[in-house]
Amino acid sequence: MIETVFIGIVVFLCVLAVFDLVVGVSNDAVNFINSAIGAKAASFKVIITIAAAGVFIGAAVSNGMMDVARHGIFTPEYYTFYEVMCIFLAVMVTDVVLLDVFNTLGMPTSTTVSMVFEILGGACALALMKMLDGATADDGTLLGIGDLLNTDKALSVILAIFLSVAVAFFFGTLVMWISRLSFTFVNPQKSKVKTVIFGAVSATAIVWFLLINGLKASSFMTAEVKEYINENTWTILGGCLLAMVLLMSLLQLVKVNILRVVVLMGTFALAMAFAGNDLVNFVGVPLTGLDAYLDFQTNGNGDPNTFMMESLQGSAQTPAVYLLLAGGVMVCSLVFSKKAQNVVKTSVDLSRQDEGDEMFGSSALARALVRNVTYAASVIGKFVPARLSNYVDRRFDRSKMNLEDGAAFDMVRASVNLVLAGLLVALGTTFKLPLSTTYVTFMVAMGASLADRAWSRESAVFRITGVMSVIGGWFVTAAVAFIFCFIVTSAMFYGSYVAMGVAIVVAVFLLVRSNIIYSKKKESAADSIFAKIMNTHDRREIWKLLCEHIRKGNVDRLKFVVLAYRNATDSFVNETYRPLKKGSSLIDDERIALKRQRRREIVSMRRLDPLTIIQRNTWYFLGISSCQQMLYCLKRINDPIREHVGNHFTPLPEGEKERFITMREIVVNMYERTIKMIESGDFSEAEDIRNESTNIQSQLSADRKLVLDSLTPLGSDVSSQKESMNTLLLTVHILQESQELVGCLRHMIRGMVKFDEQEPDLDQEA
């Protein structure tokens, strides 16, 4: 019976390993394909094919086992088989759920950090229990936390977080600034000698990275080979550099884009290194669990609570079939995972050269940072010679920048991202510094985008907020991984097999639910339209798409107003509290969505000529401000009703309900009529709707006066109506805000009609 239970656990660990490979690749794909995709170095299929080849080869040549899963975090000789299986199962459940959450949010995180802190959390939970029980070593001495845990590994990972972030960002900024001074934004292929040298140095760095990191775990990288590489490093690099100079010169002669070759080489190298090194983050724990079970089955005498796991002190080699299967799963995940593309989008959007759809809002810290840095730059600029300043400005002139169609940045930046990331990771490995691949690649990209002047004053606050959000997510990963695994391991230890079964069911449920919800998510029409605007250079097309984007955004806003207004007033009449509580949150979300819509449309208008923007500016802001006022009206309607219903005040009298609902429906019908008009694109009814809106405002005013007249006159006996006074006053308030809603609708229609009245003269390209 016991063996059957543990067979089931081992099988489940292997199943979770497959899920972990899927979500892990979805997360770490950003490390090696974001630069190639951002620069449009090739078609998406070609980039994925090259990355997939790197992933598969890296997985095949890796030894696939990392000692951290066996004895890197805890000392297995002091843990029983049952305790070890509790830790491993908790680690896998936590890891899969945690990484899936980050992938769904589109936030890159570190699989190494998550795994290490999960093992640390689980082992720490059992270590504390063992210490409380007075666990002793073979010689009878009490075991301490230093005996049961290997804290050095956890500390090295914490060091890696700070070191990777600071070092990568600094060098990314410095190297990109120097590279841009050399190449400018004009076609770098025109600088033939510079391009050959840059390509040769980059290719040599990539080869060295492959030798040091990509192939370090391969079977043919014996101690003798590693020693030979270390002793003859400069000879190898010199010979490689010479060969690459000849190769790049040949490519130049046949008119091959050298930078494109460098980007694709870097993509392959990082993908191969990722698979060779990070594969163990996904399969190390399950395969260690399998080894532990085989040892228990052979030598355990049937008692999992007394059999100690000394066997895990040694290293293990993984059969090649497991590596090939893991590589196949990783390749399939890379090709088919939508979440991988979502994580890549976050990194690319934060480093794009032009303004675009900023995914993150602004924060007080980011605003203060931008303000202080801008002031410091202006002070320093006074001491820089004008001649030098003008020279640098000319080298960074983006007016003649010619990006690939739909690219976020150029090949120079993509090359710097990939080559420098690989170089820093290889250097870290050489000097035994624990640099995280995820942290290095992301922060190099951010530093390079800053040096490339991609963070303009219009977007810097949003970009910095995004970077801080991602970095904060890394720290959250470590904390959540430790705490969650600590709790799950404790529950499994005390709850035994029942708790293990519950954890398995919960993990499967959360994964299935998450993937079902995510699969139902579709790119909104507004998202699709904005993407077309940013990829279009024809100003006539931009104008048509912009008008379509405004109409689509306003229709969505009006539909939300109808829904929220109806829910709030229904709750007032029927005394239902829950929709009001949810309504407050939805209104706040809609205000954020409106700010995003406004920013998108302003960015789009900047792609038109200034005269067009000036001519249409007033009418655009009349429309968007009217939408904003509608949401404020909803807030002023929803919150007082929420307080009224939540405190169980006197309900609306029966005699007033019918009249109240009738007026509500008049307002709703007017909004629905406007929605149909905007969706059709025919504004011939606009003036009729505006005139009718004026009549509705008069009706609402008259109805409000009737409610006020129903209140007891001053000086009369008010005791009989004292309780209903608040209700009637709230009714007056709702009618007054309903008047304002109708007024906002009139203004919005006028703004839209004037903005879309006549297509401007647009002959030039954006």
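What you see below is based on every heavy atom in this structure, not just the backbone, and it leaves out hydrogens, waters and symmetry mates.
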Peer 1: Looking at side-chain heavy atoms only, is the closest gap between N417 and F442 below 4.5 Å?
Peer 2: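 Side-chain contact under 4.5 Å: no.
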Peer 1: Take R453 and D393, measure what salt bridge (charged side-chain N to carboxylate O under 4.0 Å, His left out) needs, and give me the verdict at the end.
Peer 2: CA-CA 10 Å; R453 299 190 179 183; D393 287 340; 3.1 Å; yes
Peer 1: Side chains of R704 and Q739: do they bring a donor and an acceptor to under 3.5 Å?
Peer 2: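 Yes, side-chain donor-acceptor contact under 3.5 Å.
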Peer 1: Output the distance between atom CD1 (I641) and atom CG (D570), rounded to the nearest 0.5 Å.
Peer 2: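 The CD1 atom of I641 sits 10.0 Å away from the CG atom of D570.
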Peer 1: In a table with atom names and distances, give each donor-acceptor pair under 3.5 Å that connects a side chain of residues 744-751 to protein atoms at least two apart or in another chain.
Peer 2:
{"unit_1": "R746", "atom_1": "NE", "unit_2": "R690", "atom_2": "O", "d": "3.3"}
{"unit_1": "R746", "atom_1": "NE", "unit_2": "T694", "atom_2": "OG1", "d": "3.1"}

Peer 1: Just by distance, do the side chain of N372 and the backbone of A368 share a donor-acceptor pair under 3.5 Å?
Peer 2: yes
Peer 1: Nearest 0.5 Å, please: how far is OG1 in T731 from NZ in K657?
Peer 2: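 Going from the NZ atom of K657 to the OG1 atom of T731 covers 11.0 Å.
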Peer 1: Would E740 and Q736 count as having a side-chain donor-acceptor pair, cut-off 3.5 Å?
Peer 2: no
Peer 1: To check you understand the geometry: which heavy-atom pair defines the closest contact between F683 and M677, and what is its length?
Peer 2: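 Closest approach of F683 to M677: CD2-CE, 3.9 Å.
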Peer 1: Just do the side chain to side chain contact (heavy atoms under 4.5 Å, CB included) check on E541 and K532 with the steps written out, would you?
Peer 2: CA-CA 9 Å; E541 185 66 19; K532 291 178 182 177; over 6 Å; no
Peer 1: Taking the six-membered ring for Trp, are F572 and F660 parallel (under 30°), tilted (30 to 60°) or perpendicular (over 60°)?
Peer 2: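 Geometry flag for F660 against F572: perpendicular rings.
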Peer 1: Quick test of your reading: applying salt bridge (Lys or Arg N to Asp or Glu O under 4.0 Å), list the pairs with at least one residue in residues 670-682, sequence neighbours left out, ordered by first then second residue.
Peer 2: K559-E679, R566-E672, R673-E685, R673-E692
Peer 1: Let's go through L558 and M630 carefully: what are the C-alpha distance in whole Å and the side-chain angles of both, what is the deciding distance for side chain to side chain contact (heavy atoms under 4.5 Å, CB included) to 0.1 Å, and is it a yes or a no?
Peer 2: CA-CA 9 Å; L558 294 181; M630 291 176 192; 3.7 Å; yes
Peer 1: For residues R413 and D452, report the shortest heavy-atom separation together with the two atoms involved.
Peer 2: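 In terms of heavy atoms, the two residues are closest at NE-OD2, 2.9 Å.
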Peer 1: Looking at side-chain heavy atoms only, is the closest gap between I661 and E665 below 4.5 Å?
Peer 2: yes
Peer 1: Side chain to side chain contact (heavy atoms under 4.5 Å, CB included), that's the test. Do D589 and F560 meet it? Break it down for me.
Peer 2: CA-CA 11 Å; D589 292 343; F560 174 80; over 6 Å; no
Peer 1: Could you verify whether a donor N or O on one side chain and an acceptor N or O on the other, from R591 and Q628, lie under 3.5 Å apart?
Peer 2: no
Peer 1: Using the side chain to side chain contact (heavy atoms under 4.5 Å, CB included) rule, take E590 and I587 through it: C-alpha gap first, then chi angles, then the decisive distance, then the call.
Peer 2: CA-CA 5 Å; E590 198 67 19; I587 292 170; 5.6 Å; no
Peer 1: Write down the atom of V461, the atom of R367, and the distance for their closest heavy-atom approach.
Peer 2: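 V461 and R367 have their closest heavy atoms at CG1-CG, 3.8 Å.
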Peer 1: Show the nearest heavy-atom pair for residues R600 and F530, with the distance to one decimal.
Peer 2: O-CE1, 3.4 Å
Peer 1: With a 4.5 Å heavy-atom cut-off, do E643 and N647 have their side chains touching?
Peer 2: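 Side-chain contact under 4.5 Å: yes.
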Peer 1: Just by modelled atom types, is the M670 backbone N or O under 3.5 Å from a matching donor or acceptor in the T674 side chain?
Peer 2: yes
Peer 1: For a quick test of reading the model, state the closest non-hydrogen atom pair linking C627 to N554 and the distance between them.
Peer 2: SG-OD1, 3.5 Å
Peer 1: Please name all residues satisfying ring pair (Phe, Tyr, Trp, His ring centres under 6.0 Å) with Y565, sequence neighbours left out, ordered by chain then number.
Peer 2: none
Peer 1: For the residue pair S738 / R664, report whether a side-chain donor-acceptor contact shorter than 3.5 Å exists.
Peer 2: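 No.
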Peer 1: Hey, which of L580, N574, T576 is the one that makes side-chain contact (heavy atoms from CB on, under 4.5 Å) with V645?
Peer 2: L580
Peer 1: Please find the pair of heavy atoms, one from A42 and one from I47, that lie closest to each other, and give the distance.
Peer 2: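 A42 and I47 have their closest heavy atoms at O-CD1, 3.5 Å.
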